[in-house]
Participant: 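Mind having a look at this structure? Questions to follow.
The structure displayed is predicted, hence computed values, not measured ones.
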Amino acid sequence: MVPMTSGLSKRLRRSFREFFLLESVKKTISARTREQIATIRRYQTAAMDRLQVADDLTDPSHVPIAMMLYREAAICFVAAILVGAGEESPSDPFDLSIGVSRLRTLAGKGRIAPLPEGFEQACEALATSGRLVFDEVPADTLGQQRTRVESALGWARAQVESRTLFEIRVAKAVRLSTAALVTIGLLYWTGCLIWQAPNVALHKPVFASSRYPGSSAPADNSAVVNGTFEGTYGVHTNIEDNPWVTVDLQREYRITRVEIYNRGDGWFDEILPAALELSSKRGRNFVEVDRRTTGFSQSSPWVYTGHGEPARYVRVRGTKRPAYVALSEIEVYGK
């Protein structure tokens, strides 16, 4: 197991250096002259221009034209790869078959990446001379050839590196900066998860001043602290003076935030105005810490930001006379 772990570690370090530090790319480009970089860019630009036009020719009658453009793009890509590998700039006219043969030799020496399967066959189809050669190929066969050619050109395109040393340094700085920002963001998010106070009201006992006779909520009022939003409500008192719903946290917490979610089936303002009250003395001597006079909902809850007040009981009370309290969820955060 140790050798496997060591080998994996080496591969990971190598992958890190290649992606973030661009070491091998930097080494390759450092050996190039300005003239070589300029030549590679000219070939790359010419290839991309032809490739873009060819890709847009999707009508079956235009496929022969697209293939001719692919041939020109292939010539430019192969020439760019050869120059990038330190070979002399090919003369014009350029024989694509000879260029592919030279690529095969370079790949055998390890100077470029191995040629993918089907690359040479695709280039052979393009290397066929004659202006009408593609017009004489059956449409189905030509469509298959086009697919293979597009795959081959995709590989060739990826082998062309035309950036300067300065551009590589910029790319390296951007990648490292992005990685640093992502790392900071992950650390911050992890810290928030670790340090965020939990919802201490979840599945705790709930008491209400009364129960609306037609209420569809559970008789024990548990739906208002079950962690989900009911389509209607989780608790519903009767219409009365001074209605209230109280959550017993079962021990004292220092309250940092309370989120109160309105019913989900309408009549959102019937509870207003409402008071949020806290108590740490057996549900007695409640102290009002917030009052809501404007509407709130399930998507935009009533949120109270606490200051670490000690409390075991959290109560929502309707202050209008008469009134009722109907809510879908109460969440209390504290430590």
Participant: Closer than 3.5 angstrom, by distance alone: can the side chain of Arg317 be matched with the main-chain N or O of Asn242 as a donor-acceptor pair?
Facilitator: no
Participant: For the atom pair CD1 (Ile260) and CG (Asp290), what is the distance rounded to the nearest 0.5 Å?
Facilitator: 7.5 Å
Participant: Would you say the side chain of Lys335 lies within less than 4.5 Å of the side chain of Thr256, judging by non-hydrogen atoms?
Facilitator: no
Participant: Are Leu276 and Arg292 close enough, and set up right, to give a side chain to side chain contact (heavy atoms under 4.5 Å, CB included), and what steps lead you there?
Facilitator: CA-CA 8 Å; Leu276 174 63; Arg292 186 75 178 199; over 6 Å; no
Participant: Is Asn262 reaching over with its side chain to a backbone N or O of Phe296, donor-acceptor style, under 3.5 angstrom?
Facilitator: yes
Participant: Are the side chain of Ser151 and the backbone N or O of Thr147 linked by a donor-acceptor pair below 3.5 Å?
Facilitator: no
Participant: Given the rule that I, L, V, M, F, W and Y join up when any side-chain heavy atoms are under 4.5 Å apart, are Leu142 and Ile65 in one cluster?
Facilitator: no
Participant: How long is the span from the CZ atom in Arg148 to the CG atom in Leu153, to the nearest 0.5 Å?
Facilitator: 13.0 Å
Participant: With the side chain counted from C-beta on, respond yes when Lys320 and Pro273 share a heavy-atom pair under 4.5 Å apart, and no when they do not.
Facilitator: yes
Participant: Considering residues, nucleotides and ligands other than Phe119, do more than 12 of their heavy atoms fall under 6.0 Å from its CZ?
Facilitator: yes
Participant: Search all heavy atoms of Thr319 against all heavy atoms of Ala274 and return the closest pair with its distance.
Facilitator: OG1-N, 4.1 Å
Participant: Counting only heavy atoms from other residues, nucleotides and ligands, does the tally under 6.0 Å from CZ of Arg157 exceed 12?
Facilitator: no
Participant: Examine distances only and state if a side-chain atom of Arg211 and a backbone atom of Asp220 form a donor-acceptor pair shorter than 3.5 Å.
Facilitator: no
Participant: Output yes when a side-chain donor or acceptor of Glu72 lies under 3.5 Å from a complementary backbone atom of Met68, and no otherwise.
Facilitator: no
Participant: Check for a donor-acceptor pair, side chain of Glu259 on one end and backbone N or O of Tyr333 on the other, with a separation under 3.5 Å.
Facilitator: no
Participant: How long is the straight-line distance from CG of Leu96 back to CD of Glu124, given to the nearest 0.5 Å?
Facilitator: 9.5 Å
Participant: Can you check side chain to side chain contact (heavy atoms under 4.5 Å, CB included) on Leu249 and Ile255, steps first, answer last?
Facilitator: CA-CA 11 Å; Leu249 303 178; Ile255 306 303; 4.1 Å; yes
Participant: Taking the six-membered ring where the residue is Trp, are the ring centres of Tyr212 and Tyr324 under 6.0 Å apart?
Facilitator: no
Participant: I'd like to know if the side chain of Ser210 and the backbone of Asn238 have a donor-acceptor N/O pair within less than 3.5 Å.
Facilitator: yes
Participant: Would you kindly confirm whether Tyr304 and Tyr261 end up in one hydrophobic cluster when ILVMFWY residues are joined by side chain heavy atoms under 4.5 Å apart?
Facilitator: no
Participant: Mind running side chain to side chain contact (heavy atoms under 4.5 Å, CB included) on Leu82 and Arg102 for me, showing each step along the way?
Facilitator: CA-CA 8 Å; Leu82 290 173; Arg102 292 172 63 185; 3.9 Å; yes
Participant: Less than 4.5 Å apart, any side-chain heavy atom of Thr183 and any of Leu187?
Facilitator: yes
Participant: So which atom in Ala54 and which in Arg146 form the shortest heavy-atom distance, rounded to 0.1 Å?
Facilitator: O-NH2, 2.9 Å
Participant: Does Asp55 have any side-chain hydrogen bond (donor to acceptor under 3.5 Å, both in side chains) partners at least two apart in sequence or in another chain, and if so, which?
Facilitator: Tyr70
Participant: Are Leu126 and Val100 joined in one hydrophobic group, where the rule is that I, L, V, M, F, W and Y side chains link up if heavy atoms are under 4.5 Å apart?
Facilitator: yes
Participant: Is the shortest heavy-atom distance from the side chain of Ile29 to the side chain of Thr164 under 4.5 Å?
Facilitator: no
Participant: Assess, by modelled atom type and distance only, whether the side chains of Arg42 and Thr39 contain a donor and an acceptor separated by less than 3.5 Å.
Facilitator: yes
Participant: Shared ILVMFWY cluster between Phe207 and Val325, side chains joined below 4.5 angstrom?
Facilitator: no
Participant: Is there side-chain contact between Trp244 and Glu277, with at least one heavy-atom pair below 4.5 Å?
Facilitator: no
Participant: Could Arg263 and Tyr233 be counted as a cation-pi pair, given that NZ or CZ must be under 6.0 Å from the ring centre and within 45° of the axis?
Facilitator: no
Participant: Is the CD atom of Gln52 crowded by more than 12 outside heavy atoms at less than 6.0 Å?
Facilitator: no
Participant: Mind listing the closest non-hydrogen atom pair of Val160 and Phe77 along with its distance?
Facilitator: CG2-CD2, 3.9 Å
Participant: Considering only NZ, NE, NH1 and NH2 on the basic side and carboxylate oxygens on the acidic side, decide whether Glu87 and Lys109 come within less than 4.0 Å.
Facilitator: no
Participant: Passes side chain to side chain contact (heavy atoms under 4.5 Å, CB included), Leu272 versus Thr293? Steps please.
Facilitator: CA-CA 6 Å; Leu272 302 175; Thr293 59; 5.9 Å; no
Participant: Heavy-atom count check: over 12 atoms from other residues, nucleotides or ligands less than 6.0 Å from Arg111 CZ?
Facilitator: yes
Participant: Using the rule side-chain contact (heavy atoms from CB on, under 4.5 Å), only one of Glu309, Arg312, Arg315 pairs with Leu278; which is it?
Facilitator: Glu309
Participant: Within a 6.0 Å radius of atom CG on Asp59, are there more than 12 heavy atoms belonging to other residues, nucleotides or ligands?
Facilitator: yes
Participant: Measure from the side-chain N and O atoms of Ser30 to the backbone N and O of Lys26, and report whether any donor-acceptor pair falls under 3.5 Å.
Facilitator: yes
Participant: Side-chain heavy atoms under 4.5 angstrom apart, residues restricted to Ile, Leu, Val, Met, Phe, Trp, Tyr: same cluster for Val289 and Val258?
Facilitator: yes
Participant: Measure the spacing between CD1 of Ile40 and OG1 of Thr45 and express it to the nearest 0.5 Å.
Facilitator: 11.5 Å
Participant: Between Asp248 and Gln250, which heavy-atom pair has the shortest distance, and what is it?
Facilitator: OD1-N, 2.8 Å
Participant: So how far is it from Leu69 CG to Leu57 CG, rounded to the nearest 0.5 Å?
Facilitator: 6.5 Å
Participant: To check you understand the geometry: which heavy-atom pair defines the closest contact between Asn226 and Leu202, and what is its length?
Facilitator: C-CD1, 3.8 Å
Participant: Mind listing the closest non-hydrogen atom pair of Ser162 and Ile37 along with its distance?
Facilitator: O-CG2, 3.6 Å
Participant: State the SG-CD1 distance between Cys76 and Ile81, to the nearest 0.5 angstrom.
Facilitator: 11.5 Å
